[in-house]
Protein chains: 2
Amino acid sequence: MSEQQSEHSNPASILLIDDHPLLRKGVKQLIELDSELQVIAEASNAHEGVAAALEHEPDLILLDLNMPEINGIETLKMLREEGVASRVIVFTVSDNEEDVVAALKAGADGYLLKDMEPEELLSNLNQAALGKMVISEKLTALLAQALQSKRTKKGPDISSLTPRERQIIKLIAAGLPNKLIARKLSITEGTVKVHVKHLLKKLHLRSRVEVAVWAVQEGLN
Amino acid sequence: MSEQQSEHSNPASILLIDDHPLLRKGVKQLIELDSELQVIAEASNAHEGVAAALEHEPDLILLDLNMPEINGIETLKMLREEGVASRVIVFTVSDNEEDVVAALKAGADGYLLKDMEPEELLSNLNQAALGKMVISEKLTALLAQALQSKRTKKGPDISSLTPRERQIIKLIAAGLPNKLIARKLSITEGTVKVHVKHLLKKLHLRSRVEVAVWAVQEGLN
DNA sequence: TAAGAGGTACCACTAAAGAGGTATTTTTGG
DNA sequence: CCAAAAATACCTCTTTAGTGGTACCTCTTA
């Protein structure tokens, strides 16, 4: 790791990846108003971006999501696979839940919306350079919904299950084979199979693997 | 569903569940400054709370997390199991990640911190009464981390897997049996079994069910 | 060039899972 | 109190899954 940054140490190096030259220009001008931040490279697509990241190893990468050919999420994955250790801040207009979730799951260290105030962007970038995760506050409710999203979705319904069946689903999702489930519940393996058979019918699933996956996604932990 | 609320319709009915009488008193006084909101019942523990909720069917329930005996999360689950349809807003001092995530997963419709400004609380409650999910903005970064948290955790390591094995894991997690995986990859079922065998060894798992669960939790979608 | 890793394939064998049936007991609801 | 649902048990049978071993081919690297 590098040493602690004091008041006026080296500015944080930044790579911009965005397919709009004008936007890059604007952001660059804004950033260079802050002596703690410095744009050291720009790229207009994923390939250039990865190459520039590998060459300069910047402290921060400001990454647009909406790019032709290879989008921002894919670019982010490429960066990670190439071993780029820079902190990647997604900087986009999209406040779409899927984009936000996908970006964070792909390892983004921040998600800022382009409509934010310039001063706020600068302060957020400074925070990010210090290792803090920065997220536009507009996204709070969105993130909360993503966490609980499992509900209100299509697919099988848990309400049709008996308590015993729910109990068995949890054990299946824990990876236990029927034999161990039987021991844990003090019933025979044959009976466990009966319950499994029934809940497969009810949930319209084809195997215990599907049951396990469904249960995990449903948050039945 | 009830009819659309116009400007000065009936105020939203609120149930307070909190073990501190003084806090309830304070919140109640605050809320009744707003003609759109009305506290119609109070409870000091989970049992009273559930009973009151069933009796009054309030529009909103303000629920404290930190209560003796039965905590707020459990209370929330009890409410949901009893079929209470009210919107439940967790109102607490805890900005702990696990609490927030647990509450939202348990079906909370909001999560507000007790240190917020009184006027802000009122406006948030009004929003909540209109069906909006309300979350204290302080929690944004917390939620973002919860989404990506899968990483940096103990357990088996994906890095030891070959591309082919990762490919097969995804298909297992999709619930496919070996035969279908074989077709999809244009290889024989026997070969699929070989790969499954190898990845079970590498990940120290005992069955494809465990693989599927692990993959889903790891976010390999 | 030799060694190793990865992918492919086949075989035989055991274990586990799932489908179908019948039947008893307990619980629950009308 | 009766009927339905739930839980239990046992049975057979077929399909899937998992283990062990051998083998061949390609590609990369020491």
Side-chain angles (χ1 to χ4, degrees), chain A residues 54 81-83 155-218 220, chain B residues 50 54 78 81-83 155-218 220:
Chain A
L54 288 172
E81 280 176 13
E82 294 293 331
D157 187 8
I158 194 175
S159 65
S160 62
L161 299 174
T162 69
R164 196 57 153 185
E165 286 163 351
R166 299 179 202 200
Q167 197 175 12
I168 287 182
I169 284 187
K170 288 183 187 175
L171 296 173
I172 288 178
L176 298 189
N178 290 336
K179 191 174 296 185
L180 290 187
I181 294 176
R183 280 185 203 156
K184 182 151 284 184
L185 300 182
S186 299
I187 58 181
T188 66
E189 182 181 351
T191 303
V192 175
K193 285 186 178 182
V194 174
H195 290 308
V196 173
K197 189 191 336 184
H198 289 160
L199 65 86
L200 284 176
K201 285 274 185 214
K202 288 183 182 175
L203 300 176
H204 304 294
L205 298 177
R206 284 161 224 78
S207 72
R208 62 172 40 232
V209 178
E210 291 188 357
V211 172
V213 170
W214 174 79
V216 172
Q217 288 175 338
E218 211 71 5
L220 273 61
Chain B
V50 173
L54 288 172
M78 287 168 63
E81 279 175 14
E82 294 294 329
D157 188 6
I158 192 175
S159 65
S160 62
L161 299 173
T162 69
R164 195 56 152 186
E165 285 162 352
R166 299 180 202 198
Q167 197 174 10
I168 287 183
I169 285 187
K170 288 183 186 176
L171 295 173
I172 289 178
L176 299 187
N178 290 336
K179 190 173 297 185
L180 291 186
I181 295 176
R183 281 185 203 156
K184 183 151 284 185
L185 300 182
S186 300
I187 58 180
T188 67
E189 182 181 351
T191 303
V192 174
K193 286 186 177 180
V194 174
H195 290 308
V196 173
K197 187 187 348 181
H198 290 159
L199 64 85
L200 285 175
K201 286 275 184 213
K202 288 183 181 176
L203 300 176
H204 304 294
L205 298 177
R206 284 162 223 77
S207 72
R208 63 172 39 233
V209 178
E210 291 188 356
V211 172
V213 170
W214 174 79
V216 172
Q217 288 175 338
E218 210 72 6
L220 273 60

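Residue numbering restarts at 1 for every chain, and letters A, B, ... go by the order of the sequence lines. Keep in mind that the numbers below use all heavy atoms, side chains included, and drop hydrogens, waters and symmetry copies.
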Name the first nucleotide and the last nucleotide along DNA chain D (5' to 3') that come under 4.0 Å of a heavy atom in chain B. D/dT16 to D/dG20

Nearest heavy-atom neighbours spanning [X] and [Y]:
{"X": "B/A215", "Y": "B/I169", "value": "CB-CG2, 3.7 Å"}
{"X": "B/V216", "Y": "B/A173", "value": "CG2-CB, 4.5 Å"}
{"X": "B/V209", "Y": "A/A212", "value": "CG1-CB, 3.7 Å"}

Could you state the interatomic distance from [atom1] ([X]) to [atom2] ([Y]), rounded to the nearest 0.5 Å?
{"X": "A/R208", "Y": "A/I172", "atom1": "CZ", "atom2": "CD1", "value": "4.5 Å"}
{"X": "B/E210", "Y": "B/L203", "atom1": "CD", "atom2": "CG", "value": "10.0 Å"}
{"X": "A/N178", "Y": "A/L171", "atom1": "CG", "atom2": "CG", "value": "10.5 Å"}
{"X": "B/Q167", "Y": "B/I181", "atom1": "CD", "atom2": "CD1", "value": "10.0 Å"}
{"X": "A/L199", "Y": "A/R164", "atom1": "CG", "atom2": "CZ", "value": "12.5 Å"}
{"X": "B/H198", "Y": "B/T162", "atom1": "NE2", "atom2": "OG1", "value": "9.5 Å"}

Those residues of residues 176-189 of chain A lying under 4.0 Å from DNA chain C by at least one heavy atom: A/P177, A/N178, A/K179

5'-most by nearest nucleotide on DNA chain C - B/K193 or B/E165: B/E165

What contact category does [X] fall into here, base, sugar-phosphate, or nothing, at under 4.0 angstrom with non-hydrogen atoms?
{"X": "B/T191", "answer": "base"}
{"X": "B/H198", "answer": "nothing"}
{"X": "A/V194", "answer": "base"}

Considering only heavy atoms of chain B and a distance under 4.0 Å, specify the first and last nucleotide of DNA chain C in 5' to 3' order that meet this criterion. C/dG6 to C/dC10

Is B/R166 atom CZ crowded by more than 12 heavy atoms from other residues, nucleotides or ligands, each under 6.0 Å away? yes

